[in-house]
Amino acid sequence: MARRKQNLIEDLIEITSKLPWWVGVVLAIAAYIWLHSVATTEVTAVAQPGKMGELVTQTLFNTLASIGQYLLPLAFLVGAAMSAYGRFKRRALHEQVAGNPDRGALNNMSWQQFEALVGEAFRRKGYAVTETGGGGADGGIDLALKKDGETFLVQCKQWKAQKVGVTTVRELYGVMAAEGATGGFVVTSGVFTAEARAFAKGTNIELIDGKALRALIAGVKAPPRFFRDPLSVMTTGAPLPLCSVRKF
């Protein structure tokens, strides 16, 4: 199904929801201060020949600012609330799985929850994480990681019974080459085939099966809560100590 076309306000809300919550609050305050100052500025152009265009432009700008001084901050605040709620859900999901070492904790969640859980684990290891929306439960790059100026791509496979085969690893390797990524990760709640593991050994792709993922989740702690927000693109921290990632 084709995605419904969004308007500007919906786009602003969606973009803000992907940022740290406090960024949305700062943007809301800044937008109100700026637009309010514009809205309260008196129109100085005189209605005389040669200046009618300037008068119309100033009047229109003031009118738009009068509306925007409330509309834009509201959009930013809604996005900030969505960001804070999403962060809360990811934290709760991570703690739930960390406190339940049983394999069913991974298998009994939706693929959206699985991707959110994997993203939260990488955030807690100091990566800046972008959820790319890879196309569903079984396709596309799901997460893009940033660390020390380098990019890593992640593909999530929440397969409860089927083993992740070599085709998935090859596909990720091809996307990494096209995007110029330093390395990549394939993460599953299950296991990998022998062929997939053999192919990964000759690349800079790390395979994380269900057992390794549970160990990773149990071994990371929540980051500081205020301005060092784990959703921030400025996040820094120690690299993921699973294995060394070789460069191309």
Side-chain angles (χ1 to χ4, degrees), residues 14-24 79-137 140-148 150-160 164 172 181 183-190 206-243 245:
E14 181 178 355
I15 292 171
T16 308
S17 70
K18 298 180 184 299
L19 299 172
W21 64 267
W22 55 267
V23 173
M82 292 173 61
S83 173
Y85 180 62
R87 178 183 177 183
F88 169 78
K89 289 200 304 181
R90 283 188 289 270
R91 283 178 177 269
L93 184 63
H94 189 281
E95 298 306 321
Q96 175 186 344
V97 176
N100 184 3
D102 189 282
R103 181 175 179 178
L106 293 177
N107 290 340
N108 295 331
M109 63 178 63
S110 67
W111 62 266
Q112 294 97 332
Q113 291 176 316
F114 185 74
E115 290 178 10
L117 175 66
V118 172
E120 179 68 8
F122 278 109
R123 283 188 183 96
R124 296 188 180 202
K125 279 298 180 182
Y127 289 87
V129 180
T130 300
E131 297 175 358
T132 61
I141 300 302
D142 302 301
L143 305 172
L145 312 179
K146 287 284 188 179
K147 180 84 170 177
D148 298 329
E150 296 182 323
T151 300
F152 302 85
L153 303 180
V154 181
Q155 194 167 32
C156 300
K157 296 292 185 184
Q158 193 210 12
W159 289 354
K160 301 180 178 71
V164 180
L172 177 60
F185 302 89
V186 181
V187 186
T188 181
S189 57
E206 176 71 28
L207 302 184
I208 305 177
D209 60 16
K211 182 179 180 180
L213 178 58
R214 290 192 295 274
L216 170 63
I217 292 170
V220 291
K221 298 180 180 179
R225 289 180 175 270
F226 195 52
F227 281 94
R228 288 182 58 116
D229 190 299
L231 299 183
S232 174
V233 295
M234 298 178 288
T235 299
T236 58
L240 184 66
L242 292 174
C243 76
V245 181

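All of these numbers come straight from a predicted model, not from anything done at the bench. All values below come from the heavy atoms of this structure, side chains included, with hydrogens, waters and symmetry mates left out.
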*is_close_aromatic(F152, F122), centroid dist under 6.0 Å*: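 No, they do not, as the ring centres are separated by 6.0 Å or more.
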
Heavy-atom pair with the smallest gap, counting every atom of [X] and [Y]:
X    : Y    : result
A181 : L153 : CB-CG, 3.9 Å
L117 : H94  : CD1-CA, 3.6 Å
T16  : S83  : O-CB, 4.2 Å
L145 : Y127 : CB-CD2, 3.8 Å
L213 : I208 : N-CG2, 3.6 Å
E115 : D142 : OE2-OD1, 3.0 Å

_Between the side chains of R91 and E95, is the shortest nitrogen-to-carboxylate-oxygen separation below 4.0 Å, so that they form an ion pair?_
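R91 and E95: not salt-bridged.
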
*So T151 and K146, side-chain contact (heavy atoms from CB on, under 4.5 Å) or not? Walk me through it.*
CA-CA 5 Å; T151 300; K146 287 284 188 179; 2.7 Å; yes

*Option among V154, T130, L172 that satisfies the side chain to side chain contact (heavy atoms under 4.5 Å, CB included) test with I141*: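 The side chain to side chain contact (heavy atoms under 4.5 Å, CB included) with I141 is passed solely by L172 among V154, T130, L172.
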
*Does the side chain of L143 reach to within under 4.5 Å of the side chain of E131, using non-hydrogen atoms?*
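Yes; the side chains approach each other to less than 4.5 Å.
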
*Is there side-chain contact between T188 and Q158, with heavy atoms separated by less than 4.5 Å?*
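T188 vs Q158: side chains apart.
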
Nearest-0.5 Å distance, [atom1] of residue [X] to [atom2] of residue [Y]:
X    : Y    : atom1 : atom2 : answer
E120 : L93  : CD    : CG    : 8.5 Å
R87  : R123 : CZ    : CZ    : 10.0 Å
D209 : R214 : CG    : CZ    : 8.0 Å
W111 : K157 : CH2   : NZ    : 11.0 Å

